[in-house]
Amino acid sequence: MKPLRIGLAGLGTVGIGVIRLLRENADMITARAGRPIEVVAITARDRTRDRGVDLSAMRWHDSATAVAQDPEIDVAVELIGGSEGPAHDMVRTALERGLPVVTANKALVALHGDSLSRLSAEKNAPLLFEAAVAGGIPAIKLVREGLAADRLLSVGGILNGTCNYILTEMRATGRDFTDVLTEAQAKGYAEAEPSTDVDGWDTAHKLAILAGLAFRPIAFDTLSVQGIRDIAATDLKFADELGYRIKLLGMARKAENGSVAAWVRPCLVPTRAPIAAVEGVFNAVSTQGVFSGPMTISGRGAGEGPTASAVVADLIDLARGTAIPVWGTTTVPAAADCASLADLNSAFYLRLNVQDRPGVMAELTSVLRDHDVSVHFVSQHDAATGCADLTIITHQVPEKAIHAAATALAVLPVVTGKPLVLKIEDPLA
């Protein structure tokens with residue numbers, strides 16, 4: 001049996017995990033793939049670093065592009081990361097050669113999936129990226145293959161373990177965002193520069209991929225993205241009391257006119273929803289289909305083992321001769337702008353810090369009335385001396401109405417600080 005020969009760029013946590021997994025499970029992988037899978041060519045920034053595995057039998061190259069040009073490889077595996085530079089150059093070079101590519105690079109697929117999918121189709125070179133979304137959870141296979149016969153109505157979920165860990169710890173301990181973020185960095189759950197995670201961009205990359213598979217590719221720069229920096233421990237406490245959990249969600253839905261409404265933001269999720277129970281560094285992907293109904297799968301969304309497992313699963317598919325179009329369709333649809341969210345209806349959570357004196361509630365409700373925001377529930381909580389936190393749950397209102405109301409409330413003399421608006425969302429509703 002001729003081995004499937006792999007050229008691998010990137011010997012970080014995932015790259016070394018792939019090599020370990022291929023070696024430790026070699027017999028089982030060979031049996032399942034129908035042939036051995038071997039890494040024969042590699043590249044990394046530091047050739048001299050001890051990575052804890054024997055790399056002496058592999059050919060070293062000076063660049064990722066050189067790996068993609070190696071005439072003795074059958075598949076190029078890109079595990080460098082980043083949407084531009086060496087990662088992009090390697091993937092394009094391999095596809096131009098007609099060489100299959102496996103990548104874990106969500107930013108690359110989210111930002112360049114449109115052009116790369118066309119190149120993949122033109123050169124008849126598969127581009128697989130199971131590891132790009134939710135680590136070891138088979139999210140891509142679920143949407144692109146498992147639900148291929150169904151018309152999906154929605155897809156999304158908890159797609160970033162760093163944010164989910166931070167929100168879980170804030171709720172459990174009562175500590176604020178900055179304190180828990182520092183702890184997450186010390187434990188290795190958050191990067192030293194955490195903005196990609198906590199500002200929602202990592203989730204956005206993954207959501208763009210899921211939306212492209214479920215509906216059609218979307219223009220990434222039209223995706224609405226909001227992170228978790230403004231969430232306070234008090235919000236998680238108030239949400240608990242109201243029967244909700246706060247989760248950073250990325251969700252996409254097919255609008256009535258055929259466009260795709262997609263967004264990333266922290267939301268209040270009812271505790272009865274399966275996704276509300278997903279805690280810590282775990283991810284969850286939810287789908288709603290006309291025939292398949294509601295579905296949620298959960299697991300570790302990052303790390304050496306889960307991500308390496310997803311990469312090798314793609315390699316096994318290639319060894320078996322499986323060839324799946326990038327977006328799951330034989331035609332390559334052009335990327336489209338996301339639908340405007342202004343007129344979409346939802347219930348909302350509104351948190352205000354106000355002066356604790358008579359007449360304040362009347363001033364607030366007057367502003368809400370003027371913006372056609374109907375109040376479902378109000379709760380007052382003690383805050384600093386002379387102030388109170390008010391939490392307001394609205395009835396269903398257009399998004400533009402609640403944000404206009406929040407802007408008007410922010411300038412009232414009785415309101416201190418910036419109002420917080422969170423969508424109330426049930427991913428499977």
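No experiment lies behind these values; they were computed from the predicted model shown.
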Exercise. Should the pair Arg265 and Phe348 be classed as cation-pi, given the thresholds of under 6.0 Å to the six-membered ring centre and 45° from the axis?
Worked result: no
Exercise. Any donor and acceptor pair, going by atom type alone, linking the side chain of Asp176 with main-chain N or O of Ala233 inside 3.5 Å?
Worked result: yes
Exercise. Are Asp235 and Arg171 ion-paired here, with the side-chain N under 4.0 Å from a carboxylate O?
Worked result: no
Problem set entry | Main-chain N/O of Leu318 paired with Thr322 side-chain donor or acceptor, under 3.5 Å | no
Problem set entry | Close side-chain approach of Trp60 to Ile42, heavy-atom, < 4.5 Å | yes
Exercise. Among all residues two or more places apart in sequence or in another chain, which pass the side-chain contact (heavy atoms from CB on, under 4.5 Å) test with Ala208?
Worked result: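 Here the qualifying residues are Ala110, Ile218, Phe220.
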Exercise. Where do Val101 and Ala94 come nearest, in terms of heavy atoms and distance?
Worked result: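 For Val101 and Ala94, the tightest heavy-atom pair comes out as CG2-CB, 3.5 Å.
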Exercise. Can you name the residues that form a salt bridge (charged side-chain N to carboxylate O under 4.0 Å, His left out) with Asp150, not counting sequence neighbours?
Worked result: none
Exercise. Yes or no on side chain to side chain donor-acceptor pair (under 3.5 Å) for Tyr165 and Glu183, after CA distance, side-chain angles and deciding distance?
Worked result: CA-CA 10 Å; Tyr165 172 82; Glu183 177 186 83; 2.7 Å; yes
For this session: Please determine, by modelled atom types, if Ser56 and Asp54 share a side-chain donor-acceptor pair under 3.5 angstrom.
Result: yes
Exercise. What pairs of residues pass the ring-ring contact (aromatic ring centres under 6.0 Å, His included) test when at least one of them lies in residues 89-117, not counting sequence neighbours?
Worked result: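 For residues 89-117: His88-His112.
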For this session: Applying side-chain hydrogen bond (donor to acceptor under 3.5 Å, both in side chains), name anything that partners Ser259, two or more places apart in sequence or on another chain.
Result: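 With neighbours one apart ignored, the set is Asn257.
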Problem set entry | Ile19 vs Leu22 side-chain heavy atoms within contact, under 4.5 Å |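 Heavy-atom side-chain distance check fails, nothing below 4.5 Å.
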Exercise. Does atom CZ of Arg51 have more than 12 heavy-atom neighbours, drawn from other residues, nucleotides or ligands, at distances under 6.0 Å?
Worked result: yes
Exercise. Just by distance, do the side chain of Ser298 and the backbone of Ala284 share a donor-acceptor pair under 3.5 Å?
Worked result: no
Exercise. Please walk me through it: do Asn353 and Thr416 pass side chain to side chain donor-acceptor pair (under 3.5 Å)?
Worked result: CA-CA 5 Å; Asn353 186 260; Thr416 62; 2.3 Å; yes
Exercise. Does any non-hydrogen side-chain atom of Arg272 lie less than 4.5 Å from one of Asp426?
Worked result: yes
Exercise. Sequence neighbours excluded, which residues qualify as side-chain contact (heavy atoms from CB on, under 4.5 Å) partners of Arg35?
Worked result: Met1, Lys2, Leu4, Asp74, Ala319
For this session: Could you walk me through whether Ser286 and Gln288 pass side chain to side chain donor-acceptor pair (under 3.5 Å), step by step?
Result: CA-CA 7 Å; Ser286 292; Gln288 178 83 277; over 6 Å; no
Exercise. Less than 4.5 Å apart, any side-chain heavy atom of Asp202 and any of Lys106?
Worked result: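 Yes. Closest side-chain heavy atoms under 4.5 Å.
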Problem set entry | Note, Arg49 side chain near Leu11 side chain (heavy atom, < 4.5 Å) |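 Arg49 does not reach Leu11 side chain to side chain.
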Seminar exercise, completed: salt bridge (charged side-chain N to carboxylate O under 4.0 Å, His left out) filter on Glu38, not counting sequence neighbours, yields none
Exercise. Can Ile275 and Leu249 be said to form a side-chain contact (heavy atoms from CB on, under 4.5 Å), step by step?
Worked result: CA-CA 10 Å; Ile275 212 166; Leu249 297 183; 4.3 Å; yes
For this session: Might you work through the salt bridge (Lys or Arg N to Asp or Glu O under 4.0 Å) test for Arg47 and Asp62, ending with a clear yes or no?
Result: CA-CA 9 Å; Arg47 186 179 294 205; Asp62 292 332; 3.3 Å; yes
Problem set entry | Pairs involving residues 122-143, ordered by first then second residue, that meet side-chain hydrogen bond (donor to acceptor under 3.5 Å, both in side chains) (sequence neighbours left out) | Lys141-Asp317
For this session: Let me know which of Ile402, Ile393, Ile246 forms a side-chain contact (heavy atoms from CB on, under 4.5 Å) with Tyr349.
Result: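 Of Ile402, Ile393, Ile246, side-chain contact (heavy atoms from CB on, under 4.5 Å) with Tyr349 is met by Ile393 alone.
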Problem set entry | Check: Thr222 side chain, Cys338 main-chain N or O, donor-acceptor pair, under 3.5 Å | yes
For this session: Carefully, step by step, assess Val102 and Phe129 under the rule side-chain contact (heavy atoms from CB on, under 4.5 Å).
Result: CA-CA 6 Å; Val102 172; Phe129 43 92; over 6 Å; no
For this session: Determine whether more than 12 heavy atoms belonging to other residues, nucleotides or ligands lie under 6.0 Å from atom CZ of Arg118.
Result: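 Count over threshold, so yes.
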Exercise. Is there a donor-acceptor contact under 3.5 Å from the side chain of Asn25 to the main chain of Met28?
Worked result: no
For this session: Determine yes or no for a side-chain-to-main-chain donor-acceptor pair under 3.5 angstrom, with Gln185 supplying the side chain and Ala192 the backbone.
Result: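 Such a contact is found between Gln185 side chain and Ala192 backbone.
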Exercise. Between Ser120 and Leu116, is there a donor-acceptor pair closer than 3.5 Å when you use the side chain of the first and the backbone of the second?
Worked result: no
For this session: Name all residues meeting the side-chain contact (heavy atoms from CB on, under 4.5 Å) criterion together with Ala41; count only those two or more places apart in sequence or in a different chain, and write none if there are none.
Result: Arg59, His61, Asp70, Ile73
Exercise. Roughly how far, to the nearest 0.5 Å, is CG of Leu422 from CG of Leu268?
Worked result: 6.0 Å
Problem set entry | Lys237 NZ to Met170 CE distance, which is reported to the nearest 0.5 Å |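 It is 13.5 Å, given to the nearest 0.5 Å.
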Atom pairs and distances, side-chain donor-acceptor, residues 75-82, under 3.5 Å, sequence neighbours left out:
{"from": "Glu78", "atom 1": "OE1", "to": "Thr103", "atom 2": "OG1", "distance (Å)": "2.6"}
{"from": "Glu78", "atom 1": "OE1", "to": "Asn105", "atom 2": "ND2", "distance (Å)": "3.3"}
{"from": "Glu78", "atom 1": "OE2", "to": "Ile80", "atom 2": "N", "distance (Å)": "2.7"}
{"from": "Glu78", "atom 1": "OE2", "to": "Gly81", "atom 2": "N", "distance (Å)": "2.9"}

For this session: Output yes when Arg229 and Asp199 qualify as a salt bridge under the 4.0 Å nitrogen-oxygen rule, no when they do not.
Result: yes
For this session: Taking Arg97 for its side chain and Arg92 for its backbone only, find out whether a donor-acceptor pair lies under 3.5 Å.
Result: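 Judged by distance alone, no pair lies under 3.5 Å.
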Problem set entry | Any Val198 side-chain heavy atom under 4.5 Å of Ile166 side chain | yes
Problem set entry | Whether over 12 other heavy atoms sit under 6.0 Å from Arg32 CZ | no
For this session: Please test Leu147 against Phe291 for side-chain contact (heavy atoms from CB on, under 4.5 Å), starting from the C-alpha separation and ending with a verdict.
Result: CA-CA 9 Å; Leu147 298 173; Phe291 280 79; over 6 Å; no
For this session: Indicate yes or no: at least one non-hydrogen side-chain atom of Leu159 is less than 4.5 angstrom from one of Leu207.
Result: yes
For this session: Please list, chain by chain and in numerical order, all residues satisfying side-chain contact (heavy atoms from CB on, under 4.5 Å) with Glu191, sequence neighbours excluded.
Result: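 Applying side-chain contact (heavy atoms from CB on, under 4.5 Å) to Glu191 gives Asp197.
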Problem set entry | Side chain proximity check, Leu142 to Met295, heavy atoms < 4.5 angstrom |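 Yes, close enough: below the 4.5 Å cut-off.
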Exercise. Okay, side chain of Thr394, backbone of Ser374: is any donor-acceptor separation there less than 3.5 Å?
Worked result: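 Between the backbone of Ser374 and the side chain of Thr394 there is no qualifying donor-acceptor contact (under 3.5 Å).
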Problem set entry | Under the side-chain hydrogen bond (donor to acceptor under 3.5 Å, both in side chains) test, residues paired with Glu304 that sit two or more places apart |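 So Glu304 forms a side-chain hydrogen bond (donor to acceptor under 3.5 Å, both in side chains) with Arg20.
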Seminar exercise, completed: All heavy atoms of Ala214 vs all of Val155, minimum pair found to be CB-CG1, 3.8 Å
Problem set entry | Residue Asp27 excluded, over 12 heavy atoms near CG under 6.0 Å |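 Result for CG/Asp27: open.
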Problem set entry | side-chain hydrogen bond (donor to acceptor under 3.5 Å, both in side chains) against Thr182, all qualifying residues, sequence neighbours excluded | none
Exercise. Is a donor on one side and an acceptor on the other found under 3.5 Å between the side chain of Lys247 and the backbone of Val278?
Worked result: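 A pair under 3.5 Å: yes.
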